[in-house]
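I have placed the structure first, in the form of structure tokens, so that the comments after it can refer back to it.
Hydrogens, waters and symmetry mates play no part in the numbers below; they use all other heavy atoms, side chains included.
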Amino acid sequence: MAEYLAPALHGADTVDTVQANGLELAYEQFGRDDDPALVMIMGLGTQLTAWPDAFCRALADTGLRVIRFDNRDIGLSSKIRDTRRYDSVRRAFFKSLLGREIETPYTLEDMAEDTVGLLVALGIRHAHLVGASMGGMIAQIVAAKRPARVASLTSIMSSSGARKLPRGRWKVMMRLAKAPKSRDPDAIVAHLARTMSLISSPKMGRSYHDWEAEIRRAVERSYYPAGTARQTLAVLAAPPRDDLLGAVRCPALVIHGRADPLLPVKHGRSTAECLPNARYEEIPGMGHDLPPRMLPRFVDWISELVHEAEDRAAKSRQERQA
């Protein structure tokens, strides 16, 4: 398990930026350019480094071109300097409870177009998408609205956004609304480590000290809470995707934890039920994180999905040419 917690000795094979959808997106690549592309989309307020180096390397070792990137407004990617007025997170949360329209500087659809822009910039015609939490929502939108670009979809600890799905535990929601007591790096790290300890897998996840070490590396790389707030607005303003997912025809994998306190397990079940060609893996004891001891199994599931999709596509091309 320890190898999935520590950064790899040599990190990614490529560390660079590209211009995509009018933004500069920071990305890293593991593996060869001529292998099938697997694009990893991370969740709310979370940098590309939250996809563990060893996890990405293990996926690349199965014969994949693994690309992880910072979403807009986070990490080393472009920050949105919008002077228009939009709702605060608190106001948006209560508007979402009432079903009222939320004023936000951008939407999940805009972030989905960032992903497409990344593919265009890297010369990738189509890719296999893996999204976690908000990243899963973004991947779902790309798969539904840009089907020619998506060869397979993996949605981890995410949601269809269907109405009447249960909200996260109140204690968790209130914790997420709190800010660190100061801008001191130690205070920020301690605050975020406590938050992650609350929402992560209770028995098989990282320890508090593991979270401290990981979050300290992330804070040293970038800390931009304004971007997290704007991403939160995009999530709260997003319409349900259950009908949209019914149009997704690519093979899909849905992974969700039974102990997820932020997006309860019914969110994962709903996502799988909405996708016509989905395999569903429900994990007892998994919370809202990527438990290190589960990552070897995730590698097996994801690589199997991708390579089977590639084999089917190759066979289809051969039949058309015959």
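The side-chain heavy atoms of Leu25 and Thr17, taken from C-beta on, include no pair separated by under 4.5 Å. Residues Ser96 and Ile102 are in side-chain contact: their nearest non-hydrogen atoms beyond the backbone lie under 4.5 Å apart. Side-chain contact between Phe55 and Val66 is absent, with no heavy atoms from C-beta onward closer than 4.5 Å. Within the 4.5 Å cutoff, side-chain heavy atoms of His256 are placed close to those of Leu263. Side-chain contact between Leu119 and Arg125: absent, with no pair of heavy atoms (C-beta onward) separated by less than 4.5 Å. Taking the side chain as every heavy atom from C-beta outward, Ile138 and Ile141 never approach each other to under 4.5 Å. Considering only heavy atoms from C-beta on, Gln47 stays 4.5 Å or farther from Met42 through its side chain. Using a 4.5 Å heavy-atom threshold, the side chains of Arg312 and Pro251 count as touching.
For the side chain to side chain donor-acceptor pair (under 3.5 Å) test with Gln140, the passing option among Ser155, Ser159, Ser160 is Ser155; the others fail. Considering Arg90, Arg85, Arg91 as possible partners of Asp87, the one that fulfils the salt bridge (Lys or Arg N to Asp or Glu O under 4.0 Å) test is Arg91. The side-chain contact (heavy atoms from CB on, under 4.5 Å) test with Leu118 is passed by exactly one of Leu23, Val39, Asn21: Val39.
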Could you go through the side-chain contact (heavy atoms from CB on, under 4.5 Å) check for Met134 and Ile41 one step at a time? CA-CA 8 Å; Met134 180 191 73; Ile41 312 172; over 6 Å; no
What do the steps show when you test Arg230 against Tyr86 for side chain to side chain donor-acceptor pair (under 3.5 Å), and what is the final call? CA-CA 9 Å; Arg230 287 190 286 264; Tyr86 47 84; 3.2 Å; yes
Apply side-chain contact (heavy atoms from CB on, under 4.5 Å) to the pair Val142 and Leu129, showing each step before the final yes or no. CA-CA 9 Å; Val142 179; Leu129 301 186; 3.8 Å; yes
Ile255/Met157 under side-chain contact (heavy atoms from CB on, under 4.5 Å): CA gap, chis, key distance, verdict: CA-CA 6 Å; Ile255 302 172; Met157 58 183 178; over 6 Å; no
Evaluate Asp13 against Arg65 for side-chain contact (heavy atoms from CB on, under 4.5 Å), listing each step before the verdict. CA-CA 10 Å; Asp13 298 318; Arg65 178 187 182 183; over 6 Å; no
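With Arg249 contributing its side chain and Gly246 its backbone, the two residues share a donor-acceptor pair below 3.5 Å. Between the side chain of Lys79 and the backbone N or O of Ser77 there is at least one donor-acceptor pair closer than 3.5 Å. Between the Thr62 side chain and the Ala60 main chain, no donor and acceptor come within less than 3.5 Å of each other. The main-chain N or O of Met137 is found under 3.5 Å from a side-chain atom of Ser158 such that the two form a donor-acceptor pair. Between the side chain of Arg57 and the backbone N or O of Gly11, at least one donor-acceptor pair lies under 3.5 Å. Side-chain atoms of Ser133 do not come within 3.5 Å of backbone N or O of Gly43 as any donor-acceptor pair. A donor-acceptor contact shorter than 3.5 Å links the side chain of Thr195 to the backbone of His191. With hydrogens and angles ignored, the 3.5 Å screen pairs no side-chain donor or acceptor of Glu282 with any backbone N or O of Arg269. Listed for the Thr104 side chain is a donor-acceptor partner under 3.5 Å among the backbone atoms of Tyr106. Without hydrogens or angle criteria, Arg241 side chain to Ala144 main chain gives no donor-acceptor distance under 3.5 Å.
Salt bridge status for Asp114 with Arg72: present, with a side-chain N to carboxylate O gap under 4.0 Å. Using a cutoff of 4.0 Å between basic side-chain nitrogens and carboxylate oxygens, Glu101 and Lys95 are not scored as salt-bridged. In summary, Arg206 and Asp210 do not engage in a salt bridge, as defined by a charged side-chain N under 4.0 Å from a carboxylate O. Salt-bridge formation is detected for the pair Arg32/Asp35: a Lys NZ or Arg NE/NH1/NH2 atom is positioned less than 4.0 Å from an Asp or Glu carboxylate oxygen. For the pair Glu212 and Arg217, the salt-bridge criterion is not met [side-chain N within less than 4.0 Å of a carboxylate O]. Of the charged side-chain nitrogens involved, at least one lies within less than 4.0 Å of a carboxylate oxygen, so that Asp186 and Arg216 count as a salt-bridged pair. Ion pairing of Arg279 with Glu281 is present here, as a side-chain N (NZ or NE/NH1/NH2) and a carboxylate O approach within less than 4.0 Å. The existence of a salt bridge linking Asp242 and Lys164 is excluded, since no basic side-chain nitrogen approaches an acidic carboxylate oxygen closer than 4.0 Å. Of the charged side-chain nitrogens involved, at least one lies within less than 4.0 Å of a carboxylate oxygen, so that Glu113 and Arg146 count as a salt-bridged pair.
In this structure, the separation between OG on Ser270 and CG on Leu165 is 4.5 Å, given to the nearest 0.5 Å. Distance check: Arg194 CZ to Lys178 NZ gives 9.5 Å after rounding to the nearest 0.5 Å. Going from atom CD1 of Ile188 over to atom CZ of Arg183 covers 5.5 Å, rounded to the nearest 0.5 Å. To the nearest 0.5 Å, the span separating CG on Leu275 from CG on Leu245 amounts to 5.0 Å. Between the CG atom of Leu122 and the CG atom of Asp16 there is a distance of 8.5 Å, given to the nearest 0.5 Å. Separating the CG atom in Leu59 from the CG atom in Leu64 is a distance of 6.5 Å, to the nearest 0.5 Å.
A single hydrophobic cluster is seen to contain both Ile67 and Val150, as judged by linkage of ILVMFWY side chains at heavy-atom distances under 4.5 Å, directly or through other members.
Heavy atoms only, all atoms of each residue included: Leu295 and Pro52 are closest at CD1-CG, 3.8 Å. Here the shortest heavy-atom pairing between Tyr224 and Ile80 reads OH-O, 4.5 Å. The minimum heavy-atom distance linking Ala162 with Pro240 is given by the pair CA-CB, 4.2 Å. Closest of all the heavy-atom pairs between Ala151 and His126 is CB-CD2, 3.8 Å. When all heavy atoms of Gly285 and Ser201 are compared, the pair lying nearest together is O-CB, 3.4 Å. Nearest heavy-atom pair, Glu214 versus Ala50, reported as atom, atom and distance to 0.1 Å: OE2-CA, 4.3 Å.
No side-chain donor from either of Tyr27 and Gln29 sits under 3.5 Å from a side-chain acceptor of the other. Checking Ser316 against Arg320 by side-chain atom types alone, a donor-acceptor pair falls below 3.5 Å.
Counted within 6.0 Å of CZ on Arg297, heavy atoms from surrounding residues, nucleotides or ligands total 12 or fewer; the atom is thus considered open.
Arg68 forms no cation-pi arrangement with Trp51, by the criterion of a distance under 6.0 Å to the ring centre and an angle within 45° of the ring axis.
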